[in-house]
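Residue numbers start from 1 in every chain, and the chains themselves are labelled A, B, ... in the order their sequence lines are given, proteins ahead of strands. Keep in mind that this is a model prediction, so the values were computed, not measured.
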Amino acid sequence: MTQNYRLKDIGRIDRNHEISFIFNGKKYFGYKGDTLASALLANGVHLIARSFKYHRPRGILAAGVDDPSAKVQLIKDGYSEPNINLTEFELVEGLELQSQNCWPSVSVDVGEINNLLNRFFPAGFYYKTFMWPKSFWYSIYEPFIRKAAGFGVASLDPDPDRYEHQYEHCDVLVVGSGPSGLSSALAAAKNGARVILAEDKPRFGGSLLTDEVTIGNKKGEEWVDDVISELKSMPNVIIKSRSQVFGYYDHNMLVMFERKRDHLQDPAKFTPREKLWYIRAKEVIISTGSIERPLVFANNDRPGIMLASAAKEYLKVYGVAVGKKPLIFTNNDSAYETAIEFKNNGIQPTIVDTRASSENQLVNEAQKMGIDILFENGIANTSGHLKVKSATVGKLNNEKNSFTNLQKIDCDCICVSGNWTPTVHLASQSGNKLKFDEESDTFLPNQSRQQETVVGAANGSFTLKESLDEGFEQGFKISSKITNKNNKTNAPISDEKSLGKHDKFWCMPLPEGKHYKRFVDFQNDVAVSDIELAVREGFRSIEHVKRYTTLGMATDQGKTSNLNGLQLVSNIEKKIVPEVGHTTFRPPYTSVTIGTIIGREVSKYYRATRKSPMHEWHERNNAVFVDAGLWLRPRYYKHGNETLQEAAKREAANVRKNVGICDVTSLGKIDIKGPDSAEFLNRVYTNAWLKLPVGKARYGVMLREDGMVFDDGTTTRISENHFHMTTTTAQAANVLSHLEYYLQIVWPELEVNVLSTTEQWAGAAIAGPKSRELLSKLFPNEDISNEGLPFMGYREFKFFDTTARVFRISFSGELAYEVNVMSDFGEFMWDKIIEAGEGLGIQPYGTEALSTLRIEMGHVAGSEIDGRLISYDLALDGMLSKKKDFIGKRSLNRVAFNDENRERIVGIVPIDKKTSIPEGSYIVEDPNAAFPIPKLGHVSASCWSVERNNPFSLAIIKNGKNRKGEKLFAVSPVKNMSIPVEVVSQHYVDPDGERVRS
Amino acid sequence: MLEIKCPYCGKRSQNEFAYGGDATVKRPELNKEVPDEEWDTFVYYRKNPRGNHLELWHHISGCRQWFKAKRNTATHEIIDTFELSDDIGDAS
Ligand SMILES: [Zn+2]
């Protein structure tokens with residue numbers, strides 16, 4: 001007994017290809033070409049989910065993106081995903097679906113008690129109910145809301161699927177492939193434009209798939225097939241089905257997602273699930289059609305109540321009768337097509353029409369076919385718990401505010417039509433200020449703001465003839481602007497049934513004395529009474545009503561509810577709709593998976609990874625890496641079961657005792673050339689540069705114009721007009737931009753060129769008392785004595801087949817050198833250094849040991865140069881030249897910058913010489929003072945001093961200059977520690993700098 | 001995402017560029033007495049117009065040239081872009 005509601009000889013599904021699936025534990029069958037919705041309806045399944053707030057049984061309202069509530073949890077290949085739209089997801093083998101927001105099952109749901117208690121869940125109930133006491137928020141309210149709200153359950157596993165991004169440019173992007181979209185795409189393409197045509201459904205044609213019309217002597221759907229084949233044959237056209245354009249951004253950038261894989265039974269291995277397209281279009285034609293509005297009446301949300309156009313689509317496209325005893329409820333002519341289609345398939349419908357009469361072609365045809373029509377009637381109520389089983393229909397009085405002659409009509413579905421709402425979302429997102437159209441009772445696009453043109457039903461042109469005429473006309477006109485061609489295609493002759501006027505009445509009165517819910521927004525469970533209450537409580541702006549009632553929020557974005565909602569507000573307020581206005585349409589038009597937005601930028605592809613030429617050597621030698629910006633740097637080299645701290649101590653101690661080697665490739669390097677280079681450096685750095693001799697390096701500090709320290713580094717004069725600048729790893733890119741800013745904008749008269757050479761040079765720091773001995777083995781023919789290569793000296797040495805740049809600079813406080821070779825020779829250089837250091841006890845050291853060495857030396861680095869401190873604070877004020885001007889100097893006159901009490905860097909040591917001080921700790925005088933404890937400053941960096949064998953930290957504290965010897969406290973509320981400390985000099989090792997000069 | 005015409009490279013998407021602020025700001029000359037107010041204005045004060053704004057952009061993922069753009073801050077329309085040396089007169 002399967003597919004009892006599947007009709008014979010109608011629909012575009014593949015009946016030779018049966019597919020099974022599981023819904024709530026039960027096995028069903030459908031056909032290839034079904035959506036999950038059509039397959040369930042073919043089996044007579046209407047009950048899908050429980051509603052958001054009241055847990056009312058809900059079914060399928062629509063046949064496309066406009067469906068508000070038919071969402072399920074999908075389980076496939078062991079992976080579970082929430083909120084799959086039944087009306088969009090195509091049936092393939094191996095799917096398991098589960099209803100959401102219900103427990104223990106969709107037919108017996110405990111949360112349904114909310115429905116009985118619905119008077120406690122009025123508009124704004126979150127705001128009113130969960131207010132106080134405050135202490136209830138975390139323990140009771142939030143867990144309750146989290147459990148009660150939302151639909152499905154997100155998986156905690158990583159998304160196994162692959163998503164891709166693509167950038168595309170075109171002359172004309174056509175969104176939607178109904179009659180107006182197809183005709184504009186064809187006209188534009190034939191006129192030489194590069195066209196992209198996007199359709200969100202699997203099949204092209206829009207309304208032509210379901211309407212009984214002819215175009216140029218062909219049936220509508222045949223005309224669609226012909227146009228699509230023609231477009232496919234043209235090299236200047238890209239056509240995409242299953243592709244939703246969901247956002248219209250500035251400068252005609254549109255974003256679209258394309259479903260690439262979910263509909264395939266056996267996709268190739270690397271087929272992405274979805275692709276995100278960034279499309280920069282010169283012109284955009286919006287032919288997105290219109291969405292049918294529901295009618296609003298008591299208990300209008302039962303499973304089995306759906307849009308008349310959706311019922312027609314299920315009939316004609318999927319061969320599914322959504323019921324065998326249908327009731328059609330309408331205020332316009334278009335729903336008569338649905339009735340006629342039922343009748344054509346042997347099913348007898350009954351029509352309830354709010355209008356007194358209609359003399360149009362469709363109505364006459366229905367009458368001739370023997371279909372019962374109840375004019376001037378409306379639905380007063382419905383019954384049927386898990387599926388609609390009857391409607392109470394009554395005669396509307398003249399004022400249309402009450403019923404007489406109530407009668408019960410049995411039915412198994414109600415197909416409703418409250419006329420059509422143009423899909424203006426994209427036009428609105430572009431900036432088009434919509435205008436209200438009295439005749440169609442909806443908002444229509446007005447003046448374009450970007451290069452967008454709206455055609456067809458989206459533009460209020462509801463007839464086929466208007467749509468085709470507009471499409472061909474605009475397609476030609478718009479493409480001509482771009483291609484300057486004149487190949488005009490004329491609209492073919494078409495034939496359709498005429499539609500009469502609709503009744504602007506859509507919200508049925510309640511039966512006397514009853515308080516049934518009449519739903520406006522099915523996704524958020526917003527009923528007429530909620531909107532009335534919001535207005536009674538003083539909310540006037542439609543934006544406020546929206547947020548207070550949640551009307552039109554969430555994934556649905558009010559596709560079927562917005563217009564009804566604001567019409568309701570205007571009725572209550574006795575204002576006309578244009579005065580009430582409409583809420584802002586925002587992207588995305590439909591929900592988009594996070595995976596699609598992220599694309600391939602996940603895990604290690606999240607961002608680029610930069611590796612030094614010596615990276616593989618580090619890997620072979622058990623390096624544990626750390627992110628330094630985009631760079632991967634060795635943090636330490638693990639010996640056996642060593643911890644990070646143990647390894648860092650060992651490596652640092654070896655530098656103090658023997659010699660160590662550290663990969664410093666990631667330091668920013670900027671090549672500076674030109675006759676004004678020295679003058680430029682003199683302006684960029686705070687100290688003097690004009691007299692730096694060739695072959696010498698100098699340490700420099702840069703400020704921003706606001707006086708804050710920006711970066712530091714060593715710059716070397718390679719030759720008269722050629723300098724080599726180094727920056728910190730973190731600021732390398734910013735320093736380059738900074739230099740370019742001053743050279744190009746502020747002082748264009750300076751003849752200087754700057755170029756990043758960070759990746760051109762591999763760098764190794766060789767540090768420790770035995771480093772000179774090592775260097776003498778590396779360069780046996782060179783004079784590297786203290787005179788031949790003095791502290792801050794620079795030499796170029798021949799090094800096998802290349803040249804090495806050797807700088808005598810030190811970050812560790814030890815006698816040290818830095819050797820640079822071209823990157824290709826990096827690993828070779830490294831091997832040679834290790835080889836030469838073998839008898840000297842050489843060990844590589846990572847960033848952790850590097851930090852230890854610089855902290856105990858009192859050198860500042862990134863944790864101190866945080867962009868909020870001036871030279872004085874970092875004890876770099878000795879480097880401020882009094883004789884010359886430089887960037888940021890003028891700011892140093894500020895009063896606050898000259899306050900004697902300013903924070904300044906100091907060293908601190910725990911009194912017990914044992915307890916390590918957590919970085920980020922506050923320094924306070926009295927840890928037991930009343931909160932908030934007055935704070936003197938903070939600990940910026942901590943290490944275990946290998947020189948003194950006890951913990952040592954750098955701190956930046958108020959009046960640090962005059963606090964040496966003071967006993968204070970380091971307090972870490974995070975680690976719940978309060979440590980007595982003593983203030984000492986920031987230079988804990990070799991304060992006079994004798995070692996570096998030795 | 002804006003589409004910006006680099007005067008040297010042509011039209012590129014915004015993600016190749018970095019914004020550089022008001023292009024009409026002039027740094028006071030070096031080695032000159034600058035009153036407090038003038039210096040403060042240069043460092044801290046910027047107009048925030050609704051409408052046309054002459055601003056700096058840096059083609060960081062391209063030719064690395066700084067250039068000027070006249071952009072409407074309300075509509076994001078970029079009226080035109082200029083090389084730094086172009087004299088464009090009144091910005092508005
Ligand atoms: Zn450029």
Side-chain angles (χ1 to χ4, degrees), chain A residues 165 167-169 247-255 278-282 430-431 449-451 608 679-680 682-684 703-708 733-734 736-750 753-756 881 883-895, chain B residues 1-5 7-8 10-45 55-69 71-78 82-85:
Chain A
H165 286 184
Y167 288 79
E168 193 57 78
H169 294 258
Y248 197 138
Y249 298 90
D250 283 311
H251 294 190
N252 261 32
M253 160 73 83
L254 289 96
V255 185
Y278 293 94
I279 302 172
R280 187 80 71 178
K282 290 194 181 119
S430 166
R449 190 174 78 76
Q450 302 194 54
Q451 274 65 52
E679 170 62 26
F680 181 53
N682 213 39
R683 298 178 185 189
V684 165
L703 308 186
R704 303 190 307 233
E705 291 288 18
D706 65 2
M708 302 294 172
N734 294 337
L736 184 66
S737 288
H738 178 79
L739 300 183
E740 286 168 337
Y741 177 90
Y742 283 93
L743 285 174
Q744 293 177 29
I745 295 166
V746 184
W747 304 309
E749 67 279 6
L750 292 184
N753 246 314
V754 292
L755 188 70
S756 167
S881 168
K883 294 186 189 139
K884 55 139 196 175
D885 201 356
F886 52 85
I887 293 169
K889 185 179 190 182
R890 177 64 182 78
S891 287
L892 300 179
N893 290 352
R894 290 178 62 189
V895 176
Chain B
M1 192 163 18
L2 305 185
E3 188 177 47
I4 301 168
K5 192 182 90 191
Y8 308 94
K11 282 184 178 178
R12 298 286 192 277
S13 274
Q14 186 185 345
N15 50 4
E16 291 188 14
F17 299 89
Y19 179 67
D22 188 340
T24 63
V25 172
K26 263 197 102 62
R27 190 194 191 281
E29 272 178 50
L30 287 166
N31 302 307
K32 240 183 77 175
E33 281 282 308
V34 186
D36 284 350
E37 203 183 317
E38 187 187 336
W39 185 257
D40 278 357
T41 304
F42 158 67
V43 176
Y44 295 107
Y45 290 88
E55 57 201 21
L56 292 166
W57 287 82
H58 190 197
H59 196 183
I60 47 166
S61 300
C63 62
R64 293 208 65 93
Q65 295 301 303
W66 286 89
F67 61 92
K68 291 186 277 197
R71 180 178 66 100
N72 185 313
T73 59
T75 64
H76 287 318
E77 185 196 355
I78 292 180
F82 314 88
E83 295 184 20
L84 292 168
S85 55

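How far CZ of R64(B) is from CG of L755(A): 9.5 Å, rounded to the nearest 0.5 Å. Once rounded to the nearest 0.5 Å, the distance linking CZ of R280(A) with NZ of K11(B) reads 9.0 Å. Rounded to the nearest 0.5 Å, atoms CE (M253(A)) and CD (Q14(B)) are 9.0 Å apart.
If you measure heavy-atom distances from K889(A) to chain B, you find no contacts under 4.5 Å at all. Heavy atoms of I78(B) lying under 4.5 Å from chain A belong to its backbone as well as its side chain. For Y167(A), the part lying under 4.5 angstrom from a heavy atom of chain B is the side chain only. Residue F42(B) touches chain A through its side chain alone, counting heavy-atom pairs closer than 4.5 Å. With a 4.5 angstrom heavy-atom cutoff, L84(B) touches chain A only via side-chain atoms. Contact annotation for E77(B): only backbone heavy atoms (N, CA, C, O) come within less than 4.5 Å of a heavy atom of chain A. For H76(B), the parts sitting under 4.5 Å from any heavy atom of chain A are the backbone and the side chain alike. Interface remark: R704(A) contributes no atoms to any contact with chain B (heavy atom separation under 4.5 Å). Contacts between S85(B) and chain A at a heavy-atom distance below 4.5 Å are absent for every atom of the residue.
Not counting sequence neighbours, R894(A) has no partner by the salt bridge (charged side-chain N to carboxylate O under 4.0 Å, His left out) test.
A 4.5 Å side-chain heavy-atom check between Y741(A) and H58(B) finds every atom pair outside the cut-off.
The environment of Y45(B) atom OH is sparse: at most 12 non-hydrogen atoms of other residues, nucleotides or ligands sit within 6.0 angstrom.
The minimum heavy-atom distance linking D250(A) with T75(B) is given by the pair OD1-O, 4.0 Å.
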Taking distance alone, no hydrogens or angles, what donor-acceptor pairs closer than 3.5 Å link side-chain atoms of residues 29-39 of chain B to residues at least two apart or in another chain?
unit_1, atom_1, unit_2, atom_2, d
N31(B), OD1, D885(A), N, 3.4
D36(B), OD1, R890(A), NH2, 2.5
W39(B), NE1, S891(A), OG, 2.7

